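Everything below concerns the one structure shown next.
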Amino acid sequence: MKRVELIDVSKSYDKQVDVISNINVTIEPGEFFVLVGPSGCGKSTMLRMIAGLEEITGGTLKIGEKVANNLSPDKRDLSMVFQNYALYPHLSVQQNITFGLDVKRMKKEEQRKKAVEVAEMLGLTEYLDRKPRELSGGQRQRVALARAIVSETPICLMDEPLSNLDAKLRAHMRSEIRRIQRNLGITMIYVTHDQVEAMTMGDRIMILHEGKIQQIGKPIDIYNYPANPFVATFIGSPPMNLAKAEFDPKTSELVIGNALRLSVPKDEIGKLPRTSMTVGVRPENLHPATPENQEDVFHVEVTNVEILGNETVFSFKLGEEEWMAKWSGQWHIDIGDRMPVRMEFEALSIFDEQSGELIKKTIDYGNYVKQQEVSP
Amino acid sequence: MKRVELIDVSKSYDKQVDVISNINVTIEPGEFFVLVGPSGCGKSTMLRMIAGLEEITGGTLKIGEKVANNLSPDKRDLSMVFQNYALYPHLSVQQNITFGLDVKRMKKEEQRKKAVEVAEMLGLTEYLDRKPRELSGGQRQRVALARAIVSETPICLMDEPLSNLDAKLRAHMRSEIRRIQRNLGITMIYVTHDQVEAMTMGDRIMILHEGKIQQIGKPIDIYNYPANPFVATFIGSPPMNLAKAEFDPKTSELVIGNALRLSVPKDEIGKLPRTSMTVGVRPENLHPATPENQEDVFHVEVTNVEILGNETVFSFKLGEEEWMAKWSGQWHIDIGDRMPVRMEFEALSIFDEQSGELIKKTIDYGNYVKQQEVSP
Amino acid sequence: MGLASKIWIYFLLIVTSAFVFFPVLYAFMISFMTGPEIIQGKFFPESISFENYTKVFSRLPLLNYLLNSFIVSVSVMLGQLVVCSLAAYAFVFFKFKGRDFIFFLFISTMMIPWEATMIPNVFTIRKLDWFNTYQGLTLPFFALAFGTFLLRQHFLTIPKELHEASQIAGLSRFRFFWRVVLPVSKTSLVTLGAYGFLTTWNMYLWPLLITTNKSVRTVQIGLKQLQSQEIATEWGVVMAGVIVVIIPTLLLLFIGQKQLQKGLSQGALK
Amino acid sequence: TNSDSKETEKPATDNTSSESEGTKEEGTAPGEKVTIEFWHAMSGTGQESIDAIVKGFNESQDKYEVKAEFQGSYEESLTKLRGVGGTKDAPAITQVFEVGTKYMIDSGYIEPMQKFIDEDNYDLSQLEGNILNYYRVDGDLYSMPFNSSTPVMIYNKDAFKAAGLDPEKAPETFSEVIDAAAKLKTDEMYGFSMLTYGWFFEQLVATQGGLYVNEDNGRSGDATEALFNGPEGLNVFRFLDTMNKAGTFGNFGTNWDDIRSAFATGKVAMYMDSSAGVAGAIKNAPFEVGVAYIPHADEVQRNGVVIGGASLWMSKGIAEEEQKAAWEFMKYLTTPEVQAKWHLDTGYFAINPAAYEEQNVKDKWAEFPQFKVTVDQLQDTIPGLATQGALISVFPESRQQIVTALEELYQGKDPQEVLDKAAEGTNRAMEIANKTKK
Amino acid sequence: MTRISTMWRKSVDGRTAALYLLPSIILFSIFVFYPMFRTIYLSFFLTDQTGNAAIMVGIENFQYLLGSSEFQNSMKATGLFVLYTVPITIVLALFFALLANEKLKGIGFFRTMYSSTMGISVAASSVIWLFMFNPSIGMFNRLLSVFNFPQIQWLLDPEWALLSVSISTIWMNIGFSFLILLGGLQNIDEHLYESSRIDGAGYFYRLRRITLPMLSPTLFFIITISLINAFQTFGQIDILTKGGPSQSTNLIVYSIYREAFINYQFGTASAQAVILFLIILVVTILQFKLGERKVHYQ
Ligand SMILES: Nc1ncnc2c1ncn2[C@@H]1O[C@H](COP(=O)(O)OP(=O)(O)OP(=O)(O)O)[C@@H](O)[C@H]1O
Ligand SMILES: Nc1ncnc2c1ncn2[C@@H]1O[C@H](COP(=O)(O)OP(=O)(O)OP(=O)(O)O)[C@@H](O)[C@H]1O
Ligand SMILES: [Mg+2]
Ligand SMILES: [Mg+2]
């Protein structure tokens with residue numbers, strides 16, 4: 001259990017542009033901290049700086065209470081799952097797993113026990129004697145994961161550790177990693193591209209974009225109240241639909257993408273900016289219109305449909321934007337169909353057009369089983 | 001556009017147990033064929049056999065109409081995205097991308113044009129002059145992808161080509177790949193662990209387990225009518241809930257996991273086996289009970305909750321099994337809460353306990369916009 | 001690979017390797033010939049006579065020489081492996097001021113003709129009172145720029161991820177060297193080992209200059225003892241000597257080859 | 001080991017101390033054997049013979065033990081001697097080739113042989129005078145001759161017959177050789193050949209009475225100028241040049257074995273070889289072999305040959321007892337029996353002519369009368385400055401110059417020109433040597 | 001104070017590295033650098049017969065050498081020798097290594113054959129070649145006579161001697177170069193070949209675009225080493241030609257040997273050694289400057 005603190009940290013390769021700039025964040029002891037961001041935004045670089053593999057160009061890194069900028073990696077007492085595994089080609093799976101333990105001079109017998117245990121957990125039991133090159137991609141990744149897990153260091157860094165695993169195994173691993181992290185009180189910094197991992201595993205998420213922090217917060221808060229359009233479209237899949245909008249004071253309506261008019265409740269009018277703004281709505285908040293509820297319904301022409309099994313996503317044009325709606329269940333929709341879609345003003349997120357700042361949050365969409373009627 | 005046909009193909013490394021056995025499948029010209037299966041089941045091996053990189057231990061491989069077992073890879077006229085990228089470390093990104101074109105003696109100018117084009121599409125434009133080791137994981141993967149895309153061969157093999165990309169980019173790439181594949185009529189064999197990719201991209205999916213074919217079919221059919229419990233739990237996330245069940249002829253009820261009783265409609269009784277069976281129900285078919293609809297409702301104690309943003313998944317114990325339910329929207333549920341859950345007999349899939357064969361399909365859950373009322 | 005290209009490759013392999021190996025075969029044949037047969041320039045001996053071999057063994061304490069050669073060669077081999085790998089490791093995995101300069105200094109030692117340094121070295125050895133000792137025969141060769149260079153080139157190809165992973169695992173510098181760098185560089189170590197062994201085995205002038213009696217003499221001196229200057233050389237005996245001297249090294253190469261093969265199939269990085 | 005220097009300065013009479021320190025390992029307690037080292041450069045059959053002789057000496061008495069150790073070629077063993085010369089590590093006896101004589105005398109590593117001869121009243125006259133002459137400087141014998149040889153001309157009697165020449169009468173003068181060579185020349189066979197080696201040139205000059213360098217061939221002072229490019233030397237080069245231009249001369253390079261195999265395979269009919277090579281030539285040739293005196297220029301009297309080979313040197317700075325042992329061993333070496341064995345084994349001369357009276361030698365001579373020719377040639381030699389041989393310290397280098405000159409001659413260059421160039425090189429070498437001499 | 005301590009901390013790498021380099025440095029100092037400095041020192045002197053500096057002559061030795069046609073000839077011969085041997089050895093060795101890199105049955109046998117020459121000492125192989133070059137009984141001339149070609153004086157004709165020595169040298173060096181190159185080839189990641197084969201690259205294209213670039217560190221190494229070794233060739237000259245005929249094979253090292261061991265001219269020998277050292281130094285620096293730029297490290 002150790003705190004990791006980054007103060008004004010930045011990094012550039014070869015003195016060129018910063019790939020990471022002015023990162024300020026404190027990761028609390030025992031926290032599960034998830035790092036997400038588009039490919040190439042600097043996630044791995046940040047992990048590698050924390051691990052001491054990459055020099056820190058500017059700023060201060062503290063591990064525990066100590067400044068660690070110049071501490072060598074082996075003194076930092078952490079473990080890491082590398083994005084490209086970094087397995088030792090000359091060692092068997094078991095030796096790869098126990099490599100770190102051996103370094104710590106743990107007894108051979110105990111090493112073996114631990115290796116067998118973690119291999120069991122990761123479904124590697126039958127591969128313990130193989131060399132890495134005789135393994136499938138996913139198996140290799142699991143070996144890398146096993147190596148980090150057995151080491152039981154107070155800090156653990158994982159760089160997309162589950163990317164090559166199938167959904168089932170991944171679900172299993174998610175809960176296992178979370179369990180171990182909780183039980184041992186490990187401070188975990190976890191990079192992922194998987195929305196489910198990001199939403200379910202982390203105590204907090206940090207969203208990075210071009211080396212800059214976009215937002216840090218609880219997963220659900222980020223989902224509900226994204227700080228800016230970037231976060232809004234990055235978290236959630238399919239992403240939040242965005243469009244330019246203007247308030248028409250004459251009709252008290254919001255004109256979205258020059259195509260859609262939505263009446264604004266009286267008490268909200270004051271909060272809207274007079275100039276144009278960016279509005280966003282999550283695909284799942286574009287509901288199918290029911291015969292009972294014909295308010296705020298508009299019809300759209302479907303341009304693409306994807307049935308994911310338990311839900312259906314279809315796209316349509318709104319002004320110049322391509323929007324998507326996600327309905328649960330399997331809907332037999334064809335391209336070209338005109339669909340009635342209902343959207344509520346409450347579900348909108350509104351961002352300042354210039355700064356991108358969130359002006360209006362969606363209302364809390366939580367379904368409280370106890371407090372209110374159960375309803376979809 | 002070429003047909004790929006595997007007849008009774010099997011493969012073993014070092015004469016040991018088969019990692020692939022008796023594969024019979026024909027991939028039609030221009031088809032988008034998705035290969036899924038748990039980690040280590042032999043997907044990469046199969047691709048590598050088709051590519052000619054791995055010897056075929058038994059059976060016949062036909063490409064086009066020709067037997068290709070002993071054809072060297074360069075004669076097969078296909079392209080491949082490797083699971084571990086296999087980029088040339090000594091070549092720049094651009095050179096990596098145009099390597100295949102150069103082989104075919106395409107004009108330098110044209111090569112450059114193509115490279116720039118595809119780099120644009122994959123967001124690699126600014127990295128064209130870098131060496132692979134100066135790229136992030138996702139960028140490397142995109143280079144590997146670009147290499148396959150520019151080559152425009154009639155057959156293309158992709159081994160988890162998007163695993164290291166973020167959701168947004170991945171969504172973009174999904175549609176781009178699909179578009180290119182359609183436009184050029186490429187026969188695509190695509191390995192993925194991503195449920196969304198599997199469900200949305202493929203014309204057909206093949207599910208592999210321990211080297212054996214489990215099911216081949218349209219994505220939606222596989223989702224709705226899994227051939228056996230393995231497929232049922234493998235496709236769909238969270239997986240289908242399974243439990244042992246017995247028919248109680250006295251009450252005409254199905255006893256599920258010794259815990260739950262569900263009355264069976266009259267006309268279905270005849271179809272049920274007298275002995276015990278495995279029943280399955282998808283998490284999204286465990287609906288929240290509404291006050292109006294109190295039939296087939298039972299109460300469960302929540303053991304775990306995950307809020308994914310637009311949906312909530314919670315687990316509970318049913319007999320010895322851990323079941324999950326998925327409700328759309330964010331539900332504020334706490335561990336220990338007792339939730340009313342509604343399950344319909346129609347939504348059940350029933351499998352033979354011994355053979356695992358599907359005995360009873362779920363009824364078609366499609367929501368037809370035109371034919372029926374729009375309803376959740 | 002198609003059958004045609006396989007046959008073509010085998011053809012090339014057989015023809016070229018026959019060419020390469022021919023001189024050895026030739027020497028082998030001659031070693032069984034009698035004087036007149038040799039003078040007549042035959043290729044196959046009329047009858048296999050071991051006379052030349054018995055002469056070689058009776059003339060020289062050849063077994064003793066072979067044993068000395070073996071001890072000296074193995075010591076130099078081991079010494080070189082240790083000293084060179086340590087140095088190469090420092091050149092690749094440490095960053096320090098003047099690294100390139102020191103490396104070049106090392107390389108420059110290869111450019112100094114050995115013949116130019118030999119005489120002062122003989123004096124040094126005498127001052128150390130190392131005449132007729134194993135250390136005199138071996139120690140000067142432990143540091144080898146060539147070996148350092150060879151290993152450095154190989155160490156440079158070790159993926160840096162392995163170094164990183166080891167650092168994370170808390171491996172000290174030395175243990176990384178011992179546990180990772182050396183095992184994955186097996187091929188180069190075997191190559192260098194073979195090189196060190198063979199060159200030492202084949203050394204002539206140095207062992208001659210710093211030994212004055214048979215006690216630690218090596219086999220190449222024996223080979224020289226078989227040739228005479230003013231009196232007619234018995235070619236058959238000389239060739240028999242050549243064969244006796246090269247058989248252990250060829251054997252070693254053969255075994256080394258096997259080792260190398262094994263190392264290679266396991267070692268391939270990434 | 002830091003007592004080395006002291007040790008060498010100490011008078012060797014200080015018996016006890018030099019004994020205990022002087023002979024390291026085998027410390028000579030009274031009654032124990034004195035062990036000495038004998039460094040030689042004999043390989044092949046020569047070494048075999050030496051080992052046998054040393055064994056014979058060790059068994060013949062119980063006071064001394066000689067250890068014969070091969071030290072590489074003459075050059076190599078001399079290099080090594082430089083490392084230990086004048087110290088207690090030096091071997092008691094070293095074998096040094098004839099051209100190293102001057103070097104050894106100047107080096108200060110050695111004790112002249114004359115000292116022991118005088119002390120022991122050893123009768124030198126029993127040894128072959130023409131051999132001793134070479135190693136005698138200012139009347140003192142510096143080293144004990146050991147393996148001595150002279151050049152001879154060897155020829156193919158069968159070829160002589162085939163060419164219509166008298167196989168029993170070899171050509172004697174340059175022009176006779178030139179004529180014979182022309183007759184002997186066939187498509188397969190050259191008429192005459194000579195190893196490209198300075199020694200043979202020296203011999204051909206000496207037999208005409210020509211001197212190699214000034215200062216009486218270097219024997220009355222340090223030589224400063226080469227004389228071999230005078231008329232005698234030119235005669236030799238013209239002789240070779242004539243045949244070479246006529247195509248009757250075969251060039252078989254610098255390697256003894258090459259020219260010998262050329263002879264044995266009938267590629268050349270006459271060639272110059274060392275007397276030590278006669279036995280091998282006879283053994284390997286599938287035809288009859290004749291041996292003759294080396295040719296001389298037509299206009300001069302034959303003077304004879306200069307001795308070649310090597311002699312044994314006694315080290316200075318070692319214990320007196322060891323020197324004594326060495327002397328005893330050398331005396332043993334000169335006995336007729338040992339010399340007879342040596343002569344038969346190797347083909348080198350016996351330095352003690354009494355050896356030729358031994359029965360086994362007589363038997364051998366009866367079988368191979370050719371051997372006798374070599375001895376006759378030596379004994380027929382007229383003693384004089386020319387046949388005593390030159391004494392210069394840079395001999396090896398000078399020989400190299402001659403080799404180059406010969407090679408260039410064979411490439412068609414002018415004889416005088418190449419000779420002058422060689423002389424010039426020799427002069428420079430002598431100049432430096434004289435300048436740097438302490 | 002803190003600055004000193006950070007500097008101390010930052011230099012920790014250097015200090016540890018020194019530890020690893022120590023054995024090499026000590027041995028080099030004693031057995032290479034010290035004698036080298038002695039050599040340089042001696043090169044400014046005329047020496048007496050025992051090899052001690054006697055008369056200081058400054059750069060006269062160098063002047064003499066550079067003016068002497070013999071030495072110029074030596075340099076020329078050395079240059080030619082390097083030119084004949086290095087490229088051919090490497091090309092042949094590479095060719096063999098490529099052949100032997102194929103995964104075929106019994107390939108181990110061929111690899112041993114190819115590398116066999118490495119196991120044979122220069123002395124032993126020179127003896128064998130000496131025999132083969134023998135004008136009367138050697139293999140080559142007998143072959144020529146079988147086919148009725150004119151006989152060649154391999155080692156005796158100044159036109160041929162250097163070539164003959166080069167041929168035997170190529171043979172002697174090929175085993176070692178082969179082994180090194182084979183090792184380099186086998187270290188290339190298999191995936192790269194797989195990928196390129198899928199792209200349809202033919203054998204030679206792969207060779208040019210992948211094999212050679214990926215092999216470049218090894219090639220660089222072997223070229224450097226071969227160059228240095230070629231400049232220092234000695235053993236085969238000593239046995240095969242002794243520098244002749246007409247000085248045509250009198251390579252610099254042999255000339256040094258002769259000056260020092262036969263003529264006892266340590267001054268000029270040292271001067272030659274210094275010049276040789278400088279030549280190799282320049283060549284190696286050029287090689288590093290030009291070569292290492294083209295080398296692709298991982
Ligand atoms: N060279 C090899 N030698 C022995 N076994 C191997 C070798 N390569 C792969 N295997 C084994 O074959 C099986 C199939 O491997 P494959 O790479 O095809 O799996 P995969 O389906 O691609 O898995 P993943 O999704 O993890 O990449 C695995 O169990 C693996 O361990
Ligand atoms: N050695 C390097 N030299 C120069 N630039 C580099 C180097 N390594 C990485 N970069 C650049 O730095 C940026 C951040 O890289 P990083 O690996 O941290 O990305 P990432 O967030 O991990 O991306 P991904 O999700 O694709 O793995 C990228 O744009 C990359 O191109
Ligand atoms: Mg990354
Ligand atoms: Mg795979």
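Since the model is a prediction, treat every value here as computed from it, not as a measurement. So you know, we letter chains A, B, ... as the sequences are listed, proteins then strands, and number each from 1.
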Just so I understand: if I count every heavy-atom pair under 4.5 Å between each of A:L101, A:L78, A:L91, A:L157 and chain C, which residue has the most?
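Ranked by contacts with chain C, first place is A:L78.
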Would you mind telling me which of A:D77, A:D102, A:L87 has the largest number of heavy-atom pairs within less than 4.5 Å of chain C?
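Going by pairs under 4.5 Å, I would pick A:D102.
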Using 4.0 Å as the upper bound for N to carboxylate O, is an ion pair formed by A:E117 and A:K114?
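Result for this pair is no, no salt bridge flagged.
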Which residue is it: A:H193, A:K43, A:Q141? I am looking for the one with a side chain to side chain donor-acceptor pair (under 3.5 Å) to A:E160.
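In the set A:H193, A:K43, A:Q141, the residue that makes a side chain to side chain donor-acceptor pair (under 3.5 Å) with A:E160 is A:H193.
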Shortest non-hydrogen separation from A:P73 to A:L53 and the atoms involved
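The answer is CG-CD2, 4.1 Å.
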With a 4.5 angstrom heavy-atom cut-off, could you sort out which part of C:R179 is near chain A: side chain, backbone, both or neither?
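Its backbone and side chain both get close to chain A.
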Measure distances from A:Y88 to the heavy atoms of chain C and classify the residue's part below 4.5 Å as side chain, backbone, both or neither.
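Contact with chain C involves both backbone and side-chain atoms of A:Y88.
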Using the ring of each side chain (for Trp, its six-membered ring), is C:Y89 parallel, tilted or perpendicular to C:F177, with breaks at 30° and 60°?
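Taking C:F177 first and then C:Y89, their aromatic rings sit tilted (interplane angle of 30° to 60°).
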